[in-house]
Structures are given as structure tokens and as C-alpha cells.
Amino acid sequence: MQTETLIYIIIAGIIALGLALFQYFEKRKSMTKLNMLFSFLRFISVFALLLLIINPSFNKIKVSVEKPNLVLAIDNSSSIKHLKQDKNVVNFVNKLKENKAITNKFNVSTFLFGKNLKSSDSISFLDKETNISEAFIKLNQIYKQTVTPTILISDGNQTYGNDYQYTTNTYKQPIYSVILGDTITYTDLKIEQLNVNKYAFLKNKFPVEAILVYNGNNKVNSKFIIKNGNTTVYSQTINFSKNDNSKIINFTLPANKVGVSNYNAILEPLSLEKNTINNTNHFAVDVINQKTKIAIVSNFSHPDLGALKKSIESNEQRFVSILTPENFISNKNDFQLVITYQPNNNFKSVFNKIEALNINNFIIIGPKTSLSFVNQTINNFTHSITNQTEHYQTFLNQNYSPFIIEDINFESFPPLLSNYGDVMFNVPIQTILNKTLNGNPIGQPLLITLENKENRQAVLFGENIWQWRAQNYLNEKSFNGFDNFIGKLIQYLASNKQKSRLNLDYESFYNGNGAIIIKADFFDENYVFDTREALSITVTNKNTKEKKTFPFILKNNNYQVDLSSLPPAIYNFTVKAVNNNISKSGSFQVLEYNVEQQFLNANVTKLQKIATNSSGASFFISNTENLANTLLNDKRFVPIQKSNKITIPLIDWKYLLALIALSLGLEWFIRKYNGLI
């Protein structure tokens, strides 16, 4: 308490005493006991009120003891049940939580991980994928500043993600690995990996690559077979030994029928194999009747041309030719789409041919474009000519209606170099991307589409789109986002189908271990995205005829439904807009594959290594008696005593208000009782 405040309190006491004595002692020769009581009560009331006005503060030291954390990170994937370790895990966790010495020393928290990490006690062992690396990344964020020994209860088999052995190098907590499995090595044959293209073309052959692995000491023989239904379309005898324990087989299969063709890859099991599930793998190929042929016409070389070709041809049903205007005129290929890159006066015959053949056109306008030629040749818009350029960034128009577009973080992309000036459109357009300058919208489009009864057209007002593809890789470690965006634009432009109020986005088939997401867009009669509609999907199992209905949810500016719970089968489906009585139908197939059932043993070596590297220890699930004692006796894990200095103002002390009310009330009551009022 400051000296100044102490002086104020002393003065307040003198004033309160003076007022009390002045009222009850003045002009009285003697002080009765009653007056002395009245003086005391008045002194208390006045002094307390003055203290509230002064409002002194007092410091309070609060001491607390903080226990260290103990994290149980439990592998919730189906491989634990496949290895028959699920009951052992539940028993171990219950036993550890019931240990009073452990709960007295630690704050115990339980996390489950499969594809994602979550805080929960409900162990189900139903997750279809395992990402141990992601679990440690998130735990590191949660417990970065505390002492938190971590018990990892897992078989160590990760199905996707970064190698957790390296991720744990940045994890600052001791790891205690509880290994679910044993060190026994079983003789095993398995199909390690199948590499096959998603699409093939009718009357062509598509390549298949199979990686086969043998785990054992003796020489063995097997046969690798590919079946399409009940028909064997490929077979080969395979020989393995202890040293020659892997084979890579490359072959081709014919694509004779349009649609999804299903295949079974079988590596015939040995008589003593314990796990035969990993001897079979299913795959499918979508056979397409015709390639989409696309021409990119340019008068000069530019990185944009290569980026567009790479993005478009990431879908193997599309083929891109980069041509000069002269070569395009002489080329007799039947193109479904022509991309004219920064056209000038040399493109006059190109546009004449596009108009004569009624081919859809994607025009890219940049600094090297002759705007006077474009204004004279193209009737749909007029670009003002200023002979100046500007770098424009962009943002997505969420109300774009012709097809579904996902925002791939366009606002983070580098600016495109564009001609400065306004664009006046003579026909209705749909804007995909808008221009921004220094983060401010300028009311001008960067990418638009338009259509009439005969064809479709898109216009991009900027060059250096190759930088967008590079930035997408920096953002996502993959080109997929940008390639999918360009792919959807090309798919729209290469077709003359009229737009629909209900648009669906789905695959012909899905792998059984992946997410099954179907997306939809619904538009009102003015083709503005409608968030008020209720969409539902009814799926019918083609074999069992069982029907299930799921509602769509509005997410990321479109409607989505997750059908990952569906078992492997062929499904017919109908998506219906309930309020408008509009529907669309289709079909897809879920392939049978469970990556979690491909493992026969725990990854003992890696689990032991991460425990040793983090100054922890490893235990097999059958021998965990010493784990609790190890944690209890480790002097690194001790409670921490913390003290907090808290400043409390007197006005927060409620008892002082009660004292004022009590003293004033008593004074009034006693005076009333003695007839002095």
C-alpha cells in the first residue's frame, strides 16, 4: 500500500471520529453508554464510506500446484482390431486410468487418432486410415509450453502422411511407445501397390504396374492373376526367395467397353500364409469413347502455354496441341476447343475458321494482344485502348452458376499482367474471377464465360497464369487445385450442353479407403446460387436393392454429402431439390479395399526408435507392468508450484458494504427503540 493512501486512511479515520463525537458528545456534560454506542456505530459507518471513496488496494499472493500432463494417444484405426489387439488396448487404458498414483501425479488426457486427432474416450477401432505424423503435429501445438509425457498406443503402421519418425524429432516431449503386436515374422505374400491410370480410351491399351512383395526365408512360387469378372485377362508365374523378395510387373490391358471396368488383382496365397487379405486388390478404369482435342494457338512462346498444356492434360482424356496460326489453319484435326493466346492481326484466318466450324473458344488477352484487332473481330465485348498495363490480383465470384468452382485461395495468387482500361460487354456474361487493385475491387472481370445457343466462350484478361500454378503448389504441395480448376473450365468449354439449375460433381468410382463426397450446386430461375433449397440424395445398392437417403449440407459455397459409410458396391443415385421438384440421377461404384488390413505385424523398429530418440521408453502391450512405475519414478515429471500476485481493490470486498448497512441499521433501530426518533 502506498504512503499517500495510508495518509488518506488516517485522515478519513480522524474525520469519521470527529463527526461521530460532534453529533453525540457536543453540549453534553457526560457521555452515557448509549451515546458511546451511537458514536461508535456512526464512526464505523462514516469511516467505511470514506474508505470506499479512497478505495485502497491490497496485494494477495495465491499459491497453486500444477501437475504435469500425461497424454494417452491411442491408435483408433481398424488395423488394431485386425491384429486382434483391441481388447488389450481397452484393458490397458482402463487399468492405467484406475491407477490412483498415476491420476494423483498427472492430469491424464485421452486422444484418439486415425485420419485425424480428436479428444475422446470412445475407442471404436473403425478409422479407415492412420496418420501418426499429423497426431504428433497437433499434440505439439497443444502441449508446446508444458511438461507432457506421451504414451503412444499403436501398431506403428501408418497408411498416409509424412514419416512420423522424422515428425517426432521436433516433438519436445518424452514418448512411451506401447507396441500392439509382436516381433514374430510370418511368411507372407502381398500386393504392395498397384499403379493404374484412372481413365483409358476405347480400343486402346492402358498400362498397369504391380509391386509384389515376399516376406520369408524359403524359395516359393505363386501366380499373379488379373480378372475382369470371371474372366482371367492376365496371368504370370512369380518366383520369390529370401534375397529376391520383390517384383515389379508391368503389362497392358485392353479397353474394349465404354464405362467403368472393374478388375481383381490376385497373388495366389501360400498354404501357410496367416494374412491372405493383402493378396487381393481391386481397381477400376473408366473407359472413355473419345479424347477431347484442344488447340492452343499462339504467335510466340510463353510459360503460360506449357502450364495450360500440363493442367489440361492432367486429365488423360484430353490432348493438347500447341500451334501457330498458320499450322492451325492447315491442321485438319477435329478440335472441340481452341485457346487463342494473345491474338493479333495474324489470327484473322484463325477466328474465321473458328466461326465457320462453330468451335468453342477460350481467348486469353494480355499486353501482347492487339486490342484494335480484338475489338474489330469479336462482337461480344469492346476493350478500351490505353497502351498501359497493370498488375491485377483477383477473388472468386461465389455466385458463378454454370459449374461448381472451389476457391483454391485465389487471393493469395500473384497478380496477372493485364491491359489497363475498361471492358464493355454487349452480351450477358458470367464472371468467374474479378479484378482487384491493391486489395480493392475495381468492378472489372478478370475471367468470364458467356454462351449462346450455338457455342460457348471464355475470356481471361491477363498473362502469367503459369505463376498461379506454381503458387498453388507452394500453398498445397500439389498442382491438383489449379489443374482441377482449369479442368472444369475446359470441360465446360468443350461441351455445348445447356446449363442446368442443378449441377452435380462426382466420380465414376471411389476407392474404399477414401472419402466419398458428392457436391451439388442449385440455382434459382435467374441462375443465382440458392442457399434456401433442401437437397437430398437417395442411393440404391444395385445388388441388395437397399435404399438410403442422405441430406446435403451447405458447405464452402456449395452443397455436399459424405457417403463414406457406404460399403463397397455399385450404387444408383438420385439427387432431388425438394422445394422445386428438380432431380438428377447417376451411378458410381465403391471399390473394395481396406488399407488397414494389409498389415501383419507391428512396426516395432520405428516405435522403439521414436521412444529412444525422445528420451522415453518402449513396451509391448503384453508387458506393460513397469510403465506406471517408470512414469511415477521419473524425476522429470514433478508438480510445479506457481504463485500469482493478485491486486484486489477494497470496493470489491462485499463485507464492507454489509458492515455499513449493519452499522446504520443498528443505529437507527436503537434510536427508535429508545424513543430518540
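What you are looking at is a predicted structure, and each value in this text was computed from that prediction instead of being measured.
In this structure Phe552 satisfies the ring-ring contact (aromatic ring centres under 6.0 Å, His included) test with no other residue, sequence neighbours excluded. Residues satisfying the side-chain contact (heavy atoms from CB on, under 4.5 Å) test with Glu533, not counting sequence neighbours, are Phe522, Leu535, Tyr559, Ala577, Val578, Asn579, Asn580. Here Thr170 pairs with nothing under the side chain to side chain donor-acceptor pair (under 3.5 Å) rule; sequence neighbours left out. Judged as a side-chain contact (heavy atoms from CB on, under 4.5 Å), and not counting sequence neighbours, the contacts of Asn434 are Phe395, Asn397, Thr431. Residues passing the ring-ring contact (aromatic ring centres under 6.0 Å, His included) test with Phe619, sequence neighbours excluded: none. For Ala101, the side-chain contact (heavy atoms from CB on, under 4.5 Å) criterion is met by Asn99, Leu632, not counting sequence neighbours. Remark: Asn438 pairs with no residue by the side-chain contact (heavy atoms from CB on, under 4.5 Å) rule, at least two apart or across chains. Qualifying ring-ring contact (aromatic ring centres under 6.0 Å, His included) partners for Phe106, counting only residues two or more places apart in sequence or in other chains: none. With sequence neighbours left out, Phe413 forms a ring-ring contact (aromatic ring centres under 6.0 Å, His included) with Phe410, Trp468.
The shortest heavy-atom contact between Ile404 and Lys488 is O-CD, 3.2 Å. Taking both residues in full, the closest heavy atoms of Tyr176 and Leu631 are given as CE1-CD2, 3.7 Å, listed atom of the first, atom of the second, then distance. Across Ala73 and Leu139, no two heavy atoms sit closer than the pair CB-CD1, 4.2 Å. The minimum heavy-atom distance linking Asp155 with Asn157 is given by the pair OD1-N, 3.0 Å. Residues Leu50 and Ala12 approach most closely at CD1-O, 3.5 Å, considering heavy atoms. Ile179 and Ala602 get closest at one heavy-atom pair: CG2-CB, 3.9 Å.
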ask   = Between Thr110 and Ser119, does a side-chain contact (heavy atoms from CB on, under 4.5 Å) hold up when you go through it step by step?
value = CA-CA 6 Å; Thr110 304; Ser119 177; over 6 Å; no
key: Criterion side-chain contact (heavy atoms from CB on, under 4.5 Å) on Ile518 and Asp505, from CA distance to verdict   = CA-CA 6 Å; Ile518 294 181; Asp505 185 8; over 6 Å; no
task = Go through the steps to decide whether Leu447 and Phe461 satisfy the test side-chain contact (heavy atoms from CB on, under 4.5 Å), and finish with yes or no.
result = CA-CA 6 Å; Leu447 175 62; Phe461 298 95; over 6 Å; no
ask   = Run the side-chain contact (heavy atoms from CB on, under 4.5 Å) check on Phe529 and Asp521 step by step: do they pass?
value = CA-CA 7 Å; Phe529 184 75; Asp521 268 354; 3.3 Å; yes
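A cation-pi contact, defined as under 6.0 Å to the ring centre and within 45° of the axis, links Lys435 to Tyr392. Cation-pi geometry between Arg469 and Phe482 is not satisfied (NZ or CZ under 6.0 Å from the ring centre, within 45° of the ring normal).
In summary, the side chains of Asp127 and Ser77 do not present any donor paired with an acceptor at a separation below 3.5 Å, with no hydrogens or angles considered. There is no side-chain donor-acceptor pair under 3.5 Å between Ser133 and Asn131. With no hydrogens or angles considered, no side-chain donor-acceptor pair links Thr130 and Thr159 at under 3.5 Å. Asn475 and Ser412 share a side-chain donor-acceptor pair at under 3.5 Å. Side-chain atoms of Glu411 and Asn409 include no donor-acceptor pair closer than 3.5 Å.
Here Asn169 contributes atom CG and Asp163 contributes atom CG; the two are 9.5 Å apart, rounded to the nearest 0.5 Å. For the atom pair Glu134 CD and Gln158 CD, the distance stands at 10.0 Å (nearest 0.5 Å). With rounding to the nearest 0.5 Å, the separation of NZ in Lys555 from CG in Asp562 is 8.0 Å. Atom CG in Asn603 sits 12.0 Å away from atom CG in Leu180 (nearest 0.5 Å). Distance OG1/Thr612 to CG/Leu607: 10.5 Å, rounded to 0.5 Å. Taking CD of Gln608 as the reference point, atom CD1 of Ile175 lies at 13.5 Å (rounded to 0.5 Å).
Counting only residues at least two apart or on different chains, no ring-ring contact (aromatic ring centres under 6.0 Å, His included) pair has a member in residues 143-167. Residue pairs meeting the side-chain hydrogen bond (donor to acceptor under 3.5 Å, both in side chains) criterion with at least one partner in residues 613-629, sequence neighbours excluded, do not occur; the list is empty. Under the ring-ring contact (aromatic ring centres under 6.0 Å, His included) criterion, the residue pairs touching residues 33-54 are Tyr24-Phe38, Phe43-Phe47, with sequence neighbours excluded.
None of Ile151, Val178, Val108, Ile153 except one satisfies the side-chain contact (heavy atoms from CB on, under 4.5 Å) rule with Val93; the exception is Ile153.
Side chains of Lys138 and Asn116 form a contact here, defined as non-hydrogen atoms less than 4.5 Å apart.
Between Tyr400 and Phe403, the angle of the ring planes goes over 60°, which puts this pair in the perpendicular group of the 30/60° scheme.
When atom types are taken as modelled, the side chain of Glu667 and the backbone of Leu37 share no donor-acceptor pair closer than 3.5 angstrom. Between the side chain of Glu463 and the backbone N or O of Leu416, no donor-acceptor pair lies under 3.5 Å.
Annotation for Arg636: atom CZ counts as buried by contact number, over 12 foreign heavy atoms lying within 6.0 Å.
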